[in-house]
Every structure is written in C-alpha cells, then in structure tokens.
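Read the structure below first, then the notes.
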Amino acid sequence: MVKRAIADRLILVDAVDHWFHLQEQTFIDVGQSYWIDHETSELCVDRGGDRVTRHGRVTRHAGWMCR
C-alpha cells in the first residue's frame, strides 16, 4: 500500500523524506496529496479534479533514490 502525504501548506520540494531527490523542483499546494512511485522513481502529486467528473489529475515528476 502506498503511503500518501497531504500538504498542509504550499511547499516547493526538491527532495522527499531526505532520500528521494527530484530532477526539478515542484510546487505542491495545500490539500494536495503526494507519494513516491517506487516502480518508476517518480513523485506523484494528486492535483485534484474538476467539479464535473470528480477525477483527479496526477502529475509525475522524475527523481532518484539516495541511500
């Protein structure tokens, strides 16, 4: 099961949990959830959906694991 975090404020990230580093910085807005897809080495951010379809829009951001 994937552990999702929810941003409590607007944040600009270049690393997640000190061990996943992004190729490019990205903003995560208040209330948006985010998680690491370990299979593809990407940060996934659920940007929310529109009011009609209620489907979320997930953006993916490349990175790498450092241990």
### Message
Is there a side chain to side chain contact (heavy atoms under 4.5 Å, CB included) between Asp46 and Arg4? Walk through the geometry before answering.
### Response
CA-CA 10 Å; Asp46 188 342; Arg4 292 183 179 209; 3.9 Å; yes
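Contact of the Trp64 side chain with the Ser41 side chain is not registered, since no non-hydrogen atoms from C-beta on lie closer than 4.5 Å. In this structure, the side chains of Trp35 and Lys3 stay at 4.5 Å or more apart for every pair of heavy atoms. Residues Leu43 and Ile36 meet the side-chain proximity criterion, which asks for heavy atoms closer than 4.5 Å. A 4.5 Å side-chain heavy-atom check between Arg57 and Thr59 finds at least one atom pair inside the cut-off.
His61 contributes atom NE2, which lies 3.5 Å from atom OG1 of Thr26 (distance to the nearest 0.5 angstrom).
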Under 3.5 Å, which donor-acceptor pairs link side chains of residues 27-34 to any protein atom two or more places apart or in another chain?
residue, atom, partner, partner atom, Å
Gln32, OE1, Asp29, N, 2.8
Gln32, OE1, Arg47, NH1, 3.1

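Of all the heavy atoms in Glu42 and Ala62, the pair that sits closest is CG-CA, 4.3 Å.
Ile11 is connected to Phe20 through a chain of hydrophobic side-chain contacts under 4.5 Å among Ile, Leu, Val, Met, Phe, Trp and Tyr, so both are in one cluster.
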